[in-house]
Number of protein chains: 4
Amino acid sequence: MARNGARAPTTTGGTKDEPVRQRLLAEATRLFAEKGFESTSVQEIVSAAGVTKGAMYHYFDSKDDLLREIYARVLRLQIERLERFAGAPGPIADRVHAAAVDVIATTIENLDDSKIFFRSMHQLAPETQKAVRAERRRYHERFRDLLVEGQHAEVFRADVPADLVVDFFFGSVHHLGTWYHTDGALSGTAVGKHFADLLLASLRH
Amino acid sequence: MARNGARAPTTTGGTKDEPVRQRLLAEATRLFAEKGFESTSVQEIVSAAGVTKGAMYHYFDSKDDLLREIYARVLRLQIERLERFAGAPGPIADRVHAAAVDVIATTIENLDDSKIFFRSMHQLAPETQKAVRAERRRYHERFRDLLVEGQHAEVFRADVPADLVVDFFFGSVHHLGTWYHTDGALSGTAVGKHFADLLLASLRH
Amino acid sequence: MARNGARAPTTTGGTKDEPVRQRLLAEATRLFAEKGFESTSVQEIVSAAGVTKGAMYHYFDSKDDLLREIYARVLRLQIERLERFAGAPGPIADRVHAAAVDVIATTIENLDDSKIFFRSMHQLAPETQKAVRAERRRYHERFRDLLVEGQHAEVFRADVPADLVVDFFFGSVHHLGTWYHTDGALSGTAVGKHFADLLLASLRH
Amino acid sequence: MARNGARAPTTTGGTKDEPVRQRLLAEATRLFAEKGFESTSVQEIVSAAGVTKGAMYHYFDSKDDLLREIYARVLRLQIERLERFAGAPGPIADRVHAAAVDVIATTIENLDDSKIFFRSMHQLAPETQKAVRAERRRYHERFRDLLVEGQHAEVFRADVPADLVVDFFFGSVHHLGTWYHTDGALSGTAVGKHFADLLLASLRH
DNA sequence: AATGAATGAGCATTCATTCAT
DNA sequence: TATGAATGAATGCTCATTCAT
């Protein structure tokens, strides 16, 4: 969890790793989640990463660029996982349940990312913000399509608009960061199962 | 010198007796919701309110103090309303449903407050933050007690911890600010009814 | 020449003087002339003026604004003086000669302003630059009109375009800053007389 | 390591044997003239020249070194041309006229060099600046000697110090960069003829 | 109750230059 | 001959806050 003062030589030879860039992203994520984007200075980030400002500006265009990269990483991960669960074989109710459990477990595993996401969205440049929102919407739409599939199959009730159910459920997901603590009694998967149960129950006829 | 904890009740019943203070709070709320606490300068707030900095520092101790007042106002309002619904006569399911509809309608009516709440909590001084969290917890606990009452009455399922249901539902509530737009098709009460329906459905045996 | 550490109370009561603002302009002029606009830091200016950066930014929008004020002051002075000489009674040759002597003497009296003028013009924001150039052009046109008047009166030769004569003469004027030194043998007026003689001689039939 | 004071003469007669170095100088000249020395970054220069910083630092010791080379090139060219015209056979008045026309035409042909010359002189290291000024003085003195020759021959008036006439005339020359535009009606030689006429006329008895 | 000049610490960013490769 | 990662010092500017009036 602490950063490596000395970068180990790449023994795997797999990813030609860029330790400085990665370290900067990791420390920025941690600090943005802890203190907020605006309250974190570039100096704090580079000090935490053990490099100088010049190095940071060599890899990133700006402090905003750092934030943008964090968003891109989160979205990439979540969309990829959802695709996997949504496209799996099996009854629709099972797929929704599994996807719901997974998104919660993943969110809890990357809770710093989640804390940053909604708290700092308004700090992005308008066009970047638009891009992020569009990507987020695509994600939500993918989940909504699953719900609609269940409604058409008459497995889920259809008297609540699927879009609204998505906002209902993802509100719960996105707020995990404000109350969940790793030292709590419940694991991420446990929370995921409970929430998924509640979601599925709320959709019964 | 600045903040009177207790202010004389508005005898006229109007809102014109302290227009500067109110205007400052209103503009600060609007700007904090729009651009974030850190990105809003004191100068912007006082310009928007049509006064000078000196005037602001006469009524408030600091920029943080403005934020604290906003939080206090939000919490005061929400707790008061919940008490009213929780303590009303009638079956538990009806009371929970009514309280749920109301909290959503009220949140949508004061969407700026809601946007600020979670986005800016970390900007408060640690002790203030603690106080706000405690107050928030009291609010959640009051709602949880309603759910527990329903579980004891065997009206609600008991296999999901009531605390978790509270986090589940209020996650949805608190995220209204990220997607709800006044120009949308659904009124606040309409959204409230749908969300309350989902909540009640998820609690059925 | 050195700045007054203690600002004397305004005994004249005439101009409600702003010593800080004036001191900033004076020191900025001196430093810009000495080291150039880009090579002079805001810190150097405010240190020389004995105030803090905040004070400077209270009176000026930016470092550029300081430069703009210097330009405005120079142009105001020069246009005003030219108008006086151009509009005086007397033969055209005498008026041109007197105006020429005066512009040189005035330029030498404010040599720092002159050094800054052409050396730093390109640092102004494009629109400000345009405005300054337009004002400068008005000034040159006023002088040209005098020359044309002399040509029409057949006092000056007409086989050289008056515009070109203006550029010819003002080139000499504007370059005073690159070679004239106060410790030299010639006074500003002496140089002025010689240059005015050359100008008038060059215009003879 | 970097700068060879003496480079092998271009045996091919082309300009392709050291394209990187030449391209760097050309782009630097263009950019310094356009935006000023201080406002042009090394990165901009190397990008414009299509090379990297390392390449630039291979050919030049520093950014200042680039500027010094530009000055050296200008002075070399102008002194060489003046020598040619001054040493030609013919009456003194004709030689002065021809030299004057040529310096103006040459200046206009290399207007960027001229723009840089006076605007950026103060950015040179003091000793370099001194060297450039000395070279410039030698150039002016060569021209002054021509004027003195004319005065001794009683072709030119002697009641104006020749040095002052040099400053008068070269002021006009050096300011060409502030008003002359290639798209104007007058060619460089045309301007040169007019200015030379004015100079000669101003020197008549 | 209110002004506005002034502070001073802090911020994001730039940039010429170096150096291992 | 050339790269590009990294430095470190400096820069213009912002801003919450104070205080004499």
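Within every chain, numbering begins at 1; the chains are lettered A, B, ... in the order of the sequence lines, protein sequences first and strands thereafter.
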K35(D) NZ: over 12 foreign heavy atoms closer than 6.0 Å: yes
- request: Any strand is fair game: report the nucleotide pairing with dA1(E) by Watson-Crick or G-U wobble, both distances under 3.5 Å, or none.
  value: none
message: Once you apply a heavy-atom cut-off of 4.0 Å, does S39(D) come out as touching a base, just sugar-phosphate, or nothing?
response: nothing
Nearest to side-chain heavy atoms of K63(B), which nucleotide of dC13(F), dA12(E), dT17(F): dT17(F)
query: Is the shortest side-chain N/O distance from H58(D) to OP1 or OP2 of dT1(F) below 4.0 Å?
result: yes
- prompt: Taking the six-membered ring of F37(D) as reference, does the NZ or CZ atom of K63(D) fall below 6.0 Å from its centre and within a 45° cone about the axis?
  reply: yes
5' priority, DNA chain E, between G54(C) and T40(A) [closest heavy atom]: G54(C)
query: Quick one: does S62(D)'s side chain have a donor or acceptor within less than 3.5 Å of a partner on D65(D)'s backbone?
result: yes
field: Watson-Crick or G-U counterpart of dC13(F), or none if no pair lies under 3.5 Å
entry: dG10(E)
- request: Can you tell me the distance, in whole Å, between the CD atom of E38(B) and the P atom of dT14(F)?
  value: 17 Å
- prompt: Atom CZ of R23(C) and atom P of dA5(E): how far apart are they, to the nearest Å?
  reply: 15 Å
Nucleotide of dT13(E), dC15(F), dA6(E) approaching V20(C) most closely (side-chain heavy atoms): dA6(E)
query: Relative to the 5' end of DNA chain F, which residue comes earlier, A55(D) or K53(B), by the nucleotide with the nearest heavy atom?
result: A55(D)
message: Nearest whole Å is fine: how far is dA16(F) P from M56(B) CE?
response: 9 Å
field: Atom pair distance, as rounded to whole Å: CG in L24(A) and P in dT7(F)
entry: 10 Å
- line: The Watson-Crick or G-U wobble partner of dA20(E), with both key distances under 3.5 Å, is dT3(F)
- request: Could you check how far CG of D61(C) sits from C1' of dT14(F), rounded to whole Å?
  value: 13 Å
message: What is the distance, to the nearest angstrom, from the CD atom on Q43(A) to the P atom on dA9(F)?
response: 12 Å
Out of dG12(F), dA2(E), dA6(E), whichever nucleotide has its closest atom nearest the side chain of Y59(C): dA6(E)
query: 5'-most contact on DNA chain F: E44(C) or D64(B), nearest heavy atom basis?
result: E44(C)
field: Pairwise side-chain contact, F117(C) with V132(C), heavy-atom cut-off 4.5 Å (strictly under)
entry: yes
statement: Out of dG12(F), dT7(F), dT3(E), minimum distance to the side chain of T52(B) belongs to dT3(E)
message: One pair to check against side-chain contact (heavy atoms from CB on, under 4.5 Å): M121(D) and Y71(D). What are the steps and the verdict?
response: CA-CA 9 Å; M121(D) 179 94 79; Y71(D) 275 94; 3.8 Å; yes
message: Between P on dA16(F) and CG on D65(B), what's the gap in Å once rounded to a whole number?
response: 14 Å
- request: Evaluate the side-chain hydrogen bond (donor to acceptor under 3.5 Å, both in side chains) criterion for residues T29(D) and R73(D): first the C-alpha distance (whole Å), next the side-chain angles of each, then the deciding distance (0.1 Å), finally the verdict.
  value: CA-CA 11 Å; T29(D) 302; R73(D) 195 184 52 189; 3.2 Å; yes
I45(C) CD1 to dT11(F) P, straight-line distance once rounded to whole Å: 11 Å
- prompt: So, is Y57(C) near the phosphate of dA6(E), with a side-chain N or O under 4.0 Å from OP1 or OP2?
  reply: no
